[in-house]
Structure formats: C-alpha cells, structure tokens
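Input: a single structure, listed below in structure tokens.
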Amino acid sequence: PTPTLISTSTVDVNVIGIYSVTYDATDSSGNNATSVTRIVEVVDTTPPNAPILTTTSTTINADSITIAGAAETNSLITITGGAATATGTATGGSFSILVSLTQDAANTLSVTATDASGNVSLSSSLVIVEDSTPPIITITGLNPVDIEFGSVYVDAGATAEDDVDGIITNLITSSTDLNVNALGFYSFIYTVSDTAGHIVSSTRVVNVVDTTPPVITLQGANPQTIEG
C-alpha cells in the first residue's frame, strides 16, 4: 500500500538560522515509518550596498574630520586611509564617524559596510586633503623702499604660493595708509588665503622722504648796481 507522507517544517526564509524539516509516513495498514529529519540553514551571502556619503572631498586644516552618510541598517562601517582606521555603526541606517587625518597629506578614505553575516560592501571613497602649512607671500622689489615726497608711487607687487593650491598670486589683496604728501613711514600690506583657510599677510614699508634741496630765486637784477 502507498504510504501517506507528512512533513513538518520550522523554516523561516526571512530569518537567518538553522532549521529542521521532519518527514513522517504512515501506510494504509497503520504502520509508521521511522521519522527522517533534514537540516536547513538559511544564510545571507549578499553584501550590503556601498555606503552613500554625504561628506564630500575637501581641503581642510584640522586634525580630524567627521564622515557622515547612509548604509544598511546596523551594519558596521569601516573607514580606512586616514591616520588610523575608524569604525562605527549605521544606527537606523545612518552614520557619523570621526576620522583622524594624516597631517599635510591627501587622505584617500575608503568607506565600507559589513552586515551581520560578515558580507562586506563595495567601498565608497573621498579625498580629504589636510593642509597645515600656510601660503608664502614674497614681496617683489625693495623692502623697505624710499619714495620722494609728492611723487606718484607705483607698487612692485608680490607673489604667493601654497603647497597645496600652488600659485595663488591672483588671490592677493592689498591695503595701505600711504600718503605721499606727508613725510614718514607707511605700510603696504599684502594678504592672501588658501583653500584650507590659512590667512597670511606680509608688509612692505614705504618711507616718504624729501631729498630735494630748496631752490633760491633772486628777486630783482643780478648783478645789481647801486649808488655809493
């Protein structure tokens, strides 16, 4: 006689774990077969999506930076490429992690998410340039410089260079309190800032001097004849 097969299962394909499926059989004569059990393991081999970063590549003057973004809920976020590896959790699907930076260097940061099953996502990356060195202003021409009282002063200018931004002469601004009609010392100040926020200034001293001797103009005849 053909037996009747009955299976009992605890498998939940939506929950990772180990489950059993038990098979029993009874024929028409009431004979029961010995139960057989199959072990079923529900696993997750699919990696999370790469984290979505809200922090963007930038140049800063700082020891560290907070990297923020979104990733699979409760996944482990790992950030490499800085001065040290930083980790955190995407609680509720978002993360905000402080990363130490290698100073005066381009920190290429790689951000990954690891789920509870150990699957690692593809990485998202960004570059944080840490710039602790201010730009250098080089004054062109003499400093200090003497100019004649009442003359027209034409400044020789200055150049500026930064170790990250390169030549930034075009970003120089200048100011002065110079008065060519008053003797004395004056300042011609050059100021420039780089992408990291360093602001530097350099000063040329301008000395208004009078080196022109006076001119005597005789009134009347010269030579002059008078009666003795």
Side-chain angles (χ1 to χ4, degrees), residues 53-69 81-84 86 96-109 125-228:
L53 303 179
T54 54
T55 305
T56 57
S57 297
T58 188
T59 298
I60 62 173
N61 173 28
D63 293 332
S64 59
I65 187 172
T66 298
I67 304 300
S96 180
I97 301 171
L98 187 67
V99 178
S100 298
L101 298 174
T102 301
Q103 300 296 286
D104 283 315
N107 294 256
T108 301
L109 304 182
S125 62
L126 71 165
V127 178
I128 306 298
V129 178
E130 200 295 319
D131 179 12
S132 298
T133 305
I136 297 174
I137 295 176
T138 302
I139 293 176
T140 304
L142 297 175
N143 185 30
V145 61
D146 292 341
I147 64 170
E148 193 67 25
F149 176 87
S151 65
V152 176
Y153 175 67
V154 178
D155 188 69
T159 61
E161 185 172 1
D162 184 71
D163 61 343
V164 173
D165 297 340
I167 302 299
I168 53 174
T169 301
N170 60 307
L171 300 180
I172 293 177
T173 59
S174 60
S175 62
T176 184
D177 59 354
L178 176 62
N179 181 359
V180 297
N181 295 312
L183 299 177
F185 293 94
Y186 299 91
S187 297
F188 206 97
I189 303 172
Y190 310 91
T191 303
V192 73
S193 61
D194 63 11
T195 304
H198 299 103
I199 300 175
V200 295
S201 295
S202 189
T203 301
R204 187 200 307 274
V205 175
V206 180
N207 183 23
V208 177
V209 298
D210 179 10
T211 61
T212 304
V215 177
I216 299 175
T217 302
L218 296 177
Q219 303 291 327
N222 182 29
Q224 185 178 45
T225 302
I226 60 174
E227 190 71 26

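Small disclaimer: the values here were computed from a predicted structure and weren't measured.
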Closest non-hydrogen atom pair between [X] and [Y], with its separation:
| X | Y | value |
| --- | --- | --- |
| I172 | A158 | CD1-O, 3.6 Å |
| Q103 | A62 | NE2-O, 3.3 Å |
| S57 | I128 | CA-CD1, 4.3 Å |
| A83 | N107 | N-OD1, 4.1 Å |

Donor-acceptor under 3.5 Å ([X] side chain, [Y] main chain):
| X | Y | value |
| --- | --- | --- |
| D194 | A196 | yes |
| D165 | T195 | yes |
| T203 | I189 | no |
| T169 | T159 | no |
| T176 | S187 | yes |

Spacing of [X] atom [atom1] and [Y] atom [atom2] [to the nearest 0.5 Å]:
| X | Y | atom1 | atom2 | result |
| --- | --- | --- | --- | --- |
| N207 | L142 | CG | CG | 12.5 Å |
| F188 | S175 | CZ | OG | 8.0 Å |
| T55 | L109 | OG1 | CG | 9.5 Å |
| T133 | D162 | OG1 | CG | 8.0 Å |
| N61 | D104 | CG | CG | 8.5 Å |
| T66 | I97 | OG1 | CD1 | 9.5 Å |

So the salt bridge (charged side-chain N to carboxylate O under 4.0 Å, His left out) pairs with at least one residue in residues 203-221 (sequence neighbours excluded) are D155-R204
With a 4.5 Å cut-off on side-chain heavy atoms, are [Y] and [X] touching?
| X | Y | result |
| --- | --- | --- |
| V152 | V180 | no |
| E130 | T102 | no |
| V200 | V192 | yes |
| D163 | D131 | yes |

Evaluate the side-chain contact (heavy atoms from CB on, under 4.5 Å) criterion for residues I147 and L178: first the C-alpha distance (whole Å), next the side-chain angles of each, then the deciding distance (0.1 Å), finally the verdict. CA-CA 11 Å; I147 64 170; L178 176 62; 4.2 Å; yes
With a cut-off of 3.5 Å and sequence neighbours excluded, list every side-chain donor-acceptor pair involving residues 216-228.
none

Please evaluate residues V145 and N143 with respect to the criterion side-chain contact (heavy atoms from CB on, under 4.5 Å), reporting the C-alpha separation (whole Å), side-chain torsions for both, the decisive distance (0.1 Å), and the verdict.
CA-CA 5 Å; V145 61; N143 185 30; over 6 Å; no
field: Derivation and outcome, side-chain contact (heavy atoms from CB on, under 4.5 Å), residues I168 and E161
entry: CA-CA 6 Å; I168 53 174; E161 185 172 1; 5.9 Å; no
Item to check | Whether over 12 other heavy atoms sit under 6.0 Å from F149 CZ | outcome: yes
- Item | Whether over 12 other heavy atoms sit under 6.0 Å from L171 CG | yes
Any side-chain donor near an acceptor of the partner, S64 and S100, under 3.5 Å:
no
TODO: Carefully, step by step, assess N179 and V208 under the rule side-chain contact (heavy atoms from CB on, under 4.5 Å).
DONE: CA-CA 8 Å; N179 181 359; V208 177; over 6 Å; no
